[in-house]
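Numbering of ligands and ligand atoms starts at 1, following listing order. What you see is a predicted model, and the numbers here were worked out from it, not measured in a lab.
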Amino acid sequence: MATDTHKHLRTCPLCEGMCGVEVTVQDHQILSVRPDRDDAWSHGHICPKGTTLGELHHDPDRLHMPLVRDGNEWRETSWDEAFERCEELLQNVREKYGHHTISGYFGNMLGKSFGIGHYNALFFQVADLKSVYSSATVDQQPKNLSSHLMYGDMWRIPIPDIDNTDLWVIFGANPAASKGSILSHRNVMEALKNIRKRGGKVIVIDPVNTTTAQKSDQWIPIRPGADAALLLGVAHTLFHEKLVRLGHLATLVNGLDSVRELALQFPPETVQHYCGVDATTIRELARTIAQAPTAAVYGRIGLCTQEFGTLASWLIDVIAILSGNFDRIGGLMWSKPATAHLGLTNNSYPINYPLVTGKTRVRGAPIILGQGPASCLAEEIATPGEGQIKGLITAAANPALSAPDSGLLAQALPQLECMISLDVYLNETTRHAHVILPSQSLVEQPYWDFWSWIFALRSGGKFSPALFKRPNNHPDDWQILLRLGWLISGNDNASFDLDQLDDDYFHRLCNSAGVDPAQATAMYDGRGPERILDLAIRTGPFGDSYGKKPDGMNLQTYRDAPHGIDLGPAQEQVVKSVLKTESKKIELAPDHILQDIPRLQYAIKQQDWPELVLVSRRHLASMNSWLHNVDTLMRGRDKCTLLIHPDDAERKGISHGDDVEVSRGKNALTIVAEVTADISRGVVSIPHGWGHNADGAKLNVAKRQPGVNSNLLSPGLFVDVPSGNAVLNGIPVIIAKA
Ligand SMILES: Nc1nc2c(c(=O)[nH]1)N[C@H]1C(S)=C(S)[C@@H](COP(=O)(O)OP(=O)(O)OC[C@H]3O[C@@H](n4cnc5c(=O)[nH]c(N)nc54)[C@H](O)[C@@H]3O)O[C@H]1N2
Ligand SMILES: Nc1nc2c(c(=O)[nH]1)N[C@H]1C(S)=C(S)[C@@H](COP(=O)(O)OP(=O)(O)OC[C@H]3O[C@@H](n4cnc5c(=O)[nH]c(N)nc54)[C@H](O)[C@@H]3O)O[C@H]1N2
Ligand code: SF4
Ligand SMILES: [Mo]
């Protein structure tokens, strides 16, 4: 007989949308997930992914117990036995090859893990890894780099004020699918509609006429990788036609002359052919931006993961600054998160920190902001010699699908002598591990979306306790990761004292926040990530400063408000409080970025373009390489298709629905053609994150419609030079009917 049914409020953690959901539960079974109309942030918005949080939790393929490899077999073990095996494997690598041969690859979902989010920095301190790879260098590293150099803080990335702008210019993003990225908004597409309703305009610059472009006023198709050139053409027009207006930033910008001098070398006529956008359109775009009462210029993944990712990402901010649309309502703005930063992310670097801290062993690629290019991991594992990676930790990452040249990585991973993975699935990557440590499900963790609030136009917060307790005292993710860090650095399981580590860390955080640790400890009953969150709230801009500001907030304030709390919109003219550059000014023309200009000039002069280049795309009902095991999201037609323009298809003798072979060098895949005029001539598109037909993976739903892994075609050596970020768009490919 059914026992009590209860409702539980939380935030969907799957993307930056932060939708409030109401979960109905009976007997430890999630019956439904519905939008929470009273959520202070999302007001009832939801997408198809959010409603499947129950399916994800109950997925029969989700791992519950640690798996230890025995030859080709997996054996379920206790946690104690799994950690013993980890100790053995790590000690073996340390003794034979040294600590420095142990590395890590950290994925996208780590940013969404509540526990790990609060102990990320401690893990890196304890583990003392000598090399680190992550999804940052297949994602936003160019934007981190430009923000670090321009504002002195890689995480103070300005975001477009789409709630108030009169003009939104979108480069290389498709929020209709992604729901916004480095832009947290309760409903991006509604905001887009509202811009047009109030008489504003939306322009999309993309090689593909995406759903976002179709819902906008203007689609400007562009050659993949050419955005930096186009943006320099825009900057040229702004200077040439005397449209530069710095406004309140006039005395706060260094390097304006250098940017002027640079921009004047790029008249629209000299870039139009390369961009595939005529000079008139480029000039009009510049005038539209300059003349709009307010304009928000935004670029995302299509701009970062391309040949000139750093130049393009930097120029987005430059155009906003030159046109007077920066640190201003309706332009680009900085958020005001309710939690103090506290240095919780491992990779926040002071401005005087050396930008390049070393080189990778095999390729000699610079390590920038602490990271080697993700595409180096395969060669670092596979190439013999001193320093060869022998041990690897992966956490919430699936680089066997998501990293460039993933075919090489799939060959390299089996060569490791120790691979330990923290994940929820036995998938394309974790199948190579020696030990898989199952992560908590998304509803077994408390939640506060500290990542998305950094990129939100409104301040606020919401805390949700864990819906389910993990059975049988299974450790939480942060506890697992800290234990691994302990073992990596040569300690044993017996000496692991979690409370001691936690207390030491908490005391250090208090000291750096100027808080008395004894008082903070006395005022919070408990340990773990919630205590750190409490500290971050109390010492944040709305906090109670441990009683000094009686009207201020602490974690309990949010516990008492399960629909969350809205603290109002971001403010303009906050630049002085944000800047951490040595000059206390915005560095408009950082040397490190300008040094990449000759590479762009060389590309512009080339005349022989590849006949066809490949770009990536996303779908609303999918999330990078996962969620493909959720039946509800996989119904309907095959989404992993090749978009190709009718003229290109005709030239190649390809019809809609044909199997097509797409290749680059020796790497080839076969995929069904979807012929459509919504893609530019000379460009084809494949969604990323597919290819679920690997032997040994346990993804029984995903393998029914496996799709193909587009990253077999992404060349690992093709990177954005200033940042080392992978180029995943604009890859020359050859196409033939299969
Ligand atoms: N060609 C091409 N490649 C791309 C991109 C592209 O646009 N085109 N995009 C790039 C971008 S932006 C990104 S961010 C990367 C993403 O690449 P990754 O970060 O490597 O991987 P994801 O596909 O996000 O997979 C997330 C992993 O986390 C696991 N997971 C899910 N939930 C949890 C959890 O709660 N705990 C733990 N421990 N694990 C969990 C999943 O099973 C999966 O293994 O891909 C990049 N690759
Ligand atoms: N449903 C869903 N939501 C997601 C994800 C997901 O996989 N599924 N992934 C999440 C992650 S990790 C991220 S990083 C974000 C990404 O969020 P978005 O940045 O919105 O990513 P996409 O939807 O891939 O849109 C990228 C666009 O760039 C275009 N493009 C490709 N090359 C170029 C170029 O050279 N120039 C220009 N101007 N455009 C180009 C592509 O055609 C595509 O339309 O989405 C997040 N949200
Ligand atoms: S838009 Fe969808 S995936 Fe993103 S938070 Fe909302 S429900 Fe979750
Ligand atoms: Mo991403």
Quick test: of every protein heavy atom, which one is nearest to [atom], and how far off is it to 0.1 Å?
atom: atom 4 (C) of ligand 2; answer: M623 CE, 3.5 Å
atom: atom 40 (C) of ligand 2; answer: P207 CD, 3.3 Å
atom: atom 25 (O) of ligand 2; answer: N174 N, 3.3 Å
atom: atom 35 (O) of ligand 1; answer: L442 CD2, 3.6 Å
atom: atom 21 (O) of ligand 1; answer: N398 N, 3.5 Å
atom: atom 10 (C) of ligand 1; answer: V138 O, 3.3 Å
atom: atom 19 (O) of ligand 1; answer: N108 N, 2.6 Å
atom: atom 3 (N) of ligand 1; answer: N711 ND2, 3.0 Å
atom: atom 41 (C) of ligand 1; answer: D423 OD1, 3.4 Å
atom: atom 32 (N) of ligand 1; answer: W626 CH2, 3.4 Å

Look at the aromatic rings of W168 and Y298 and report parallel, tilted or perpendicular, splitting at 30° and 60°.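 Rings of W168 and Y298: tilted, 30 to 60°.
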Ring geometry between H628 and H692 (parallel below 30°, tilted from 30 to 60°, perpendicular above 60°):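 Geometry flag for H628 against H692: perpendicular rings.
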I'd like to check whether [X] has a polar contact with ligand 1, where a contact means an N/O of the residue lying under 3.5 Å from an N/O of the ligand.
X: S402; value: yes
X: S616; value: yes
X: Y105; value: no

Heteroatom distance test ([X], ligand 2): nitrogen or oxygen, under 3.5 angstrom:
X: F171; result: no
X: S178; result: yes
X: A226; result: no
X: D227; result: yes
X: K49; result: yes
X: I205; result: yes
X: V615; result: no
X: R617; result: no

Of the backbone atoms (N, CA, C, O) and the side-chain heavy atoms from C-beta on, which set of [X] has a member under 4.0 Å from an atom of ligand 2: side chain, backbone, both, or neither?
X: T305; result: neither
X: S135; result: neither
X: Q306; result: side chain
X: T210; result: side chain
X: I301; result: both
X: D139; result: side chain

Tell me which one of [options] satisfies side-chain contact (heavy atoms from CB on, under 4.5 Å) with [X].
X: V443; options: R10, H8, H58; answer: R10
X: L401; options: L712, N711, T429, N709; answer: N709
X: V615; options: V208, V684, I731; answer: V208
X: N725; options: T305, T310, V719, N144; answer: T305

Close approach of Q140 to ligand 2, heavy atoms, under 4.0 angstrom: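 Under 4.0 Å: no for Q140.
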Proximity flag E307 to ligand 2, non-hydrogen atoms under 4.0 Å: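 For ligand 2, residue contact (heavy atoms, under 4.0 Å) with E307 is absent.
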Relative to the heavy atoms of [X], which atoms of ligand 1 are at a distance of less than 4.0 Å?
X: Y425; answer: 42 (O)
X: S710; answer: 1 (N)
X: L422; answer: 38 (N)
X: G107; answer: 19 (O)

Check: [Y] and [X] side chains under 4.5 Å, non-hydrogen atoms:
X: S680; Y: W219; answer: yes
X: L232; Y: L600; answer: yes
X: H688; Y: R618; answer: yes

At their closest point, which heavy atom of T211 faces which heavy atom of A176, and how far apart are they?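 Shortest heavy-atom contact: CB-CB, 3.7 Å.
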Heavy-atom closest pair, residues P404 and V138: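 Here P404 and V138 meet closest at CD-CG1, 3.6 Å.
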Check each of N729, D206, N174, T641 against R617 using the side chain to side chain donor-acceptor pair (under 3.5 Å) test, and report the only one that passes.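 For R617, the side chain to side chain donor-acceptor pair (under 3.5 Å) check succeeds only for T641.
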Taking [atom] as the point of reference, which of [options] owns the nearest heavy atom?
atom: atom 12 (S) of ligand 1; options: Q445, R618, H688, K112; value: R618
atom: atom 42 (O) of ligand 2; options: D206, I731, L230, I679; value: D206
atom: atom 34 (C) of ligand 1; options: S439, C304, G115, G689; value: S439
atom: atom 33 (C) of ligand 1; options: L437, N725, V424; value: V424
atom: atom 13 (C) of ligand 1; options: N624, L699, L56, N729; value: N624
atom: atom 8 (N) of ligand 2; options: S625, S622, S680; value: S622

Ligand-residue contact atoms, ligand 2 with L620, heavy atoms, under 4.0 Å: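 Result: 1 (N).
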Could you tell me which residues satisfy salt bridge (Lys or Arg N to Asp or Glu O under 4.0 Å) with R186, sequence neighbours excluded, listed by chain and number?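 R186: salt bridge (Lys or Arg N to Asp or Glu O under 4.0 Å) contacts with E190.
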Could you go through the salt bridge (Lys or Arg N to Asp or Glu O under 4.0 Å) check for R431 and D423 one step at a time? CA-CA 11 Å; R431 73 192 169 112; D423 207 287; over 6 Å; no
Would F123 and W478 count as a ring pair (Phe, Tyr, Trp, His ring centres under 6.0 Å) if you check the C-alpha gap in whole Å, the side-chain angles of each, and the deciding distance to 0.1 Å? CA-CA 9 Å; F123 164 75; W478 62 278; over 10 Å; no
Give every protein N, O or S atom lying under 2.8 Å from atom 4 (Fe) of ligand 3, naming each by residue and atom.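 Listed by chain and number, the atoms are C15 SG.
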Pair Q440, D476: side-chain N/O donor-acceptor within cut-off below 3.5 Å: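 Q440 vs D476: donor-acceptor pair found between side chains.
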Say whether S452 and K112, considering side chains only, have a donor N or O and an acceptor N or O under 3.5 Å apart.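 Yes, a side-chain donor-acceptor pair sits under 3.5 Å.
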